[in-house]
Every structure is written in C-alpha cells, then in structure tokens.
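First comes the structure, then the notes that go with it.
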Amino acid sequence: MSTTAPAGVSGIAAPDPIDLITANLAGRGWCAVPRFLTGKEARALGREARGLWREGEFRQAGVGRGTETRVVESVRSDHVRWLDQERLTAAQRVYFDKLEALQTALNRRLFLGLFSFEGHLAMYPPGGYYQPHLDRHRDCASRVVTASLYLNEHWRKEDGGQLRLFTDSEAGVKGPFKEIYPRLGTLVVFLSGEFWHGVQPALRERLSLTGWFRVREEGALPPVG
Ligand code: OGA
Ligand code: MN
C-alpha cells in the first residue's frame with residue numbers, strides 16, 4: 001500500500017478533492033465538497049471575517065457592475081468585503097493556495113484558460129437571501145467558474161440559508177435543484193454561466209467566501225442571460 005495517500009478505514013485512499021472537483025466539472029458541471037478546508041483552517045478564516053464585519057468593513061452588495069452597480073434589496077440582501085490578493089492574511093493565503101492548485105488542474109485537464117480569481121467575503125444577516133441568478137452575464141462575461149466556501153459552524157437545516165443550485169442548465173429555475181447547506185469548510189464549485197442558483201433565506205448570520213475564476217476579457221465566452 002502507498003504510504004503517501006491517506007487511507008480511510010476501508011483501506012481505499014480518499015480521492016484528492018482537486019481531482020474530484022475537476023472530474024465533476026468536466027462531467028455534470030458542478031461539485032460540492034465537504035471539508036475542503038479543515039475545521040481549523042475554516043474557523044481561522046471565519047474568525048477574521050467576523051472581525052472585519054464588526055469593524056464595519058463590509059458594504060451592502062450591489063447588482064450589476066462598475067458604474068451601473070446599485071443596491072436592490074429585493075434581489076439580494078448580503079453585505080460583501082472584496083479581498084485584495086496583494087494583502088492576504090495567513091488564513092486567506094491557505095485557501096487561495098488551494099484555489100491556485102485548483103485553477104492549474106482545471107486549466108490542465110479542461111483547457112479552461114482560467115487566468116485570475118476575484119473574491120469577496122459575504123455576510124447574510126438574519127433574513128438574508130439572494131434570488132436565483134447566473135454569475136456570468138453581459139456585465140461579467142469573463143467569469144467562468146464560481147467557487148463558494150462556507151464558514152459557519154454548527155449549521156442546521158432549520159437555519160435555512162442553503163444554496164439552491166438548479167442542476168439542469170436548459171430548464172433553469174423550472175428544473176430540478178440540489179440544496180447545499182453553508183457548513184464550515186464546505187466548498188461548492190460550478191460553471192458560472194450554466195447554473196442558475198440562489199440563497200434561501202438564512203435565519204442566522206451566514207458567512208461565506210465567494211469568488212470567480214476568470215478568463216482574460218478578450219477570451220471571454222459569449223454572454224448568456
Ligand atoms: C453569489 C452567490 C452563493 C452562496 O455571491 O453570487 O451566488 O452560496 N453566492 O453564497
Ligand atoms: Mn451567484
């Protein structure tokens with residue numbers, strides 16, 4: 001038996017999460033991975049993010065892009081804090097290093113041409129939600145892959161706040177969906193232009209780090225939606 005691959009009780013090595021995500025993105029186009037970060041790693045990120053929230057570092061999220069951005073409470077009610085990749089904390093670095101490895105794997109195996117990542121912390125106050133939407137549209141044509149990491153300890157189904165991901169891209173919001181609860185260390189990855197998704201009302205504070213792998217603007221796929 002290999003001494004390097006971690007073995008479960010069955011003696012079968014657990015699949016590498018990056019391999020798992022790559023295979024699922026190539027197949028059905030989306031993937032949810034519990035424990036993408038360890039509890040310790042995710043807790044450290046969450047602690048820092050809550051500190052920034054208390055310090056008033058978040059801004060109510062807008063809809064649209066650039067000068068067109070405006071707050072539309074009927075669409076989304078979260079507050080965001082963009083991350084500056086030149087000034088990552090140690091806890092953020094741990095996550096971004098893993099994202100970089102994921103970007104490399106996606107480019108190697110799926111030839112996606114991903115070039116950069118932009119991301120923000122997002123806080124949904126109690127009652128917060130986000131109506132179903134696509135992440136790649138006219139104004140965000142360079143977004144190709146969405147990645148959301150959740151930072152909430154002891155999340156229960158009764159707390160709501162699940163990501164609702166509509167898994168049939170043709171049928172959109174009229175089709176079937178999967179629901180993913182925003183539990184500490186869980187990562188959800190999907191093709192930004194294919195899958196409609198939204199956040200169901202959260203009954204308690206819901207914290208996440210959401211971002212997008214992008215292609216160069218000139219390489220952007222034709223807009224959808
Ligand atoms: C978004 C988004 C989903 C989530 O910020 O665009 O869809 O689960 N977030 O936080
Ligand atoms: Mn989204």
Side-chain angles (χ1 to χ4, degrees), residues 21 25 29-37 42 45-46 49-50 52-53 58-66 68-83 92 95 99 117-153 155-157 159-167 169 172-173 177-214 221 223-225:
I21 296 165
L25 247 64
W30 66 276
C31 187
V33 193
R35 293 181 294 281
F36 183 75
L37 289 192
L45 257 179
R50 286 188 185 85
L52 293 169
W53 170 250
F58 285 58
R59 295 285 168 270
Q60 181 141 24
V63 176
R65 223 171 144 81
E68 299 289 298
T69 305
R70 61 214 157 87
V71 170
V72 186
E73 282 243 27
S74 58
V75 175
R76 68 188 293 190
S77 58
D78 58 325
H79 292 63
V80 300
R81 206 280 196 168
W82 287 91
L83 295 175
Q92 292 163 358
Y95 179 51
L99 289 180
F117 183 84
E118 57 175 5
H120 60 50
L121 296 162
M123 177 67 93
Y124 291 71
Y129 54 83
Y130 196 158
Q131 298 288 358
H133 61 279
L134 284 174
D135 284 345
R136 177 161 65 80
H137 47 78
R138 245 181 316 293
D139 303 328
C140 305
S142 61
R143 291 177 172 180
V144 174
V145 175
T146 304
S148 276
L149 173 74
Y150 301 113
L151 301 172
N152 309 288
E153 205 139 13
W155 196 274
R156 304 161 309 165
K157 285 198 168 174
D159 297 323
Q162 65 272 45
L163 171 72
R164 186 173 277 191
L165 183 73
F166 295 89
T167 52
S169 52
V173 297
F177 55 79
K178 284 276 187 254
E179 293 196 317
I180 297 133
Y181 286 85
R183 297 199 168 104
L184 189 73
T186 294
L187 178 74
V188 178
V189 185
F190 56 88
L191 296 174
S192 309
E194 296 264 327
F195 298 103
W196 284 79
H197 61 282
V199 177
Q200 293 292 104
L203 300 187
R204 45 177 274 220
E205 273 188 358
R206 175 195 194 269
L207 184 63
S208 61
L209 198 171
T210 292
W212 298 272
F213 292 101
R214 305 172 57 170
L221 296 162
V224 287

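Ligands are counted one by one from 1 in listed order, and the atoms in each one are counted from 1 as well. Here, residue 1 is the first one in the sequence, and each next residue gets the next number. Heavy atoms only: backbone and side chains are in, while hydrogens, waters and symmetry mates are out.
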Judged by atom type as modelled, is there a donor-acceptor pair below 3.5 Å linking the side chain of Asn152 to the main-chain atoms of Pro182?
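Indeed, once roles are kept as given, a pair shorter than 3.5 Å links the two residues.
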Please check: side-chain N/O of Trp82 versus main-chain N/O of Leu121, any donor-acceptor pairing under 3.5 Å?
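Side chain of Trp82 to backbone of Leu121, a donor-acceptor pair under 3.5 Å: no, none is there.
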Atom 10 (O) of ligand 1 - nearest protein heavy atom and its distance:
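Looking only at protein heavy atoms, the one closest to atom 10 (O) of ligand 1 is Arg206 NH1, 2.9 Å.
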Which residue supplies the protein heavy atom nearest to atom 8 (O) of ligand 1, what is that atom called, and how far is it?
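The protein heavy atom lying closest is Tyr150 OH, 2.6 Å.
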For [X], take its heavy atoms, then give the atoms of ligand 1 lying under 4.0 Å from any of them.
X	value
Ser208	10 (O)
Trp212	6 (O)
Leu163	3 (C), 8 (O)

Please name the residue in the list Gln162, Gln200, Lys157 that meets the side chain to side chain donor-acceptor pair (under 3.5 Å) test with Glu179.
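For Glu179, the side chain to side chain donor-acceptor pair (under 3.5 Å) check succeeds only for Gln162.
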Let me see the working for His197 and Phe177 under side chain to side chain contact (heavy atoms under 4.5 Å, CB included), right down to the final yes or no.
CA-CA 9 Å; His197 61 282; Phe177 55 79; over 6 Å; no
Just verifying a value: how many Å separate Tyr95 OH and Leu45 CG, rounded to the nearest 0.5 Å?
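CG of Leu45 is found 8.5 Å from OH of Tyr95.
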Backbone or side chain, does any N or O of Tyr130 fall under 3.5 Å from an N or O of ligand 1?
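No.
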Tell me whether Asp78 has any N or O atom under 3.5 angstrom from an N or O of ligand 1.
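By distance alone, the answer is no.
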Got Val145 and Leu191 here, is their nearest side-chain heavy-atom distance under 4.5 Å?
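When only atoms from C-beta onward are counted, Leu191 and Val145 do touch, with a gap below 4.5 Å.
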Return all protein N, O or S atoms below 2.8 Å from the Mn ion (ligand 2), chain by chain in residue order.
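Metal shell, protein only: His133 NE2, Asp135 OD1, His197 NE2.
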Do you know which two heavy atoms are closest between Ser77 and Gly128, and how far apart they sit?
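Scanning both residues, the minimum pair turns out to be OG-CA, 3.2 Å.
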Check Ala122 against Asp78 and note the closest heavy-atom contact, atom names and distance.
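Shortest heavy-atom contact: CB-OD2, 4.0 Å.
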What do we get for Asp135 next to ligand 1 when only non-hydrogen atoms under 4.0 Å count, side chain, backbone, both or neither?
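It is the side chain that touches ligand 1; the backbone stays farther off.
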Between Val199 and ligand 1, which residue portion shows a heavy-atom distance shorter than 4.0 Å: side chain, backbone, both, or neither?
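Answer for Val199: side chain.
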Between Ser192 and Arg136, a side-chain donor and acceptor under 3.5 Å:
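No, because no side-chain N or O of Ser192 sits under 3.5 Å from a partner of the opposite role on Arg136.
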Could you list the residues that satisfy side chain to side chain contact (heavy atoms under 4.5 Å, CB included) with Pro132, not counting sequence neighbours?
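Expected list: Phe166, Val173, Trp196.
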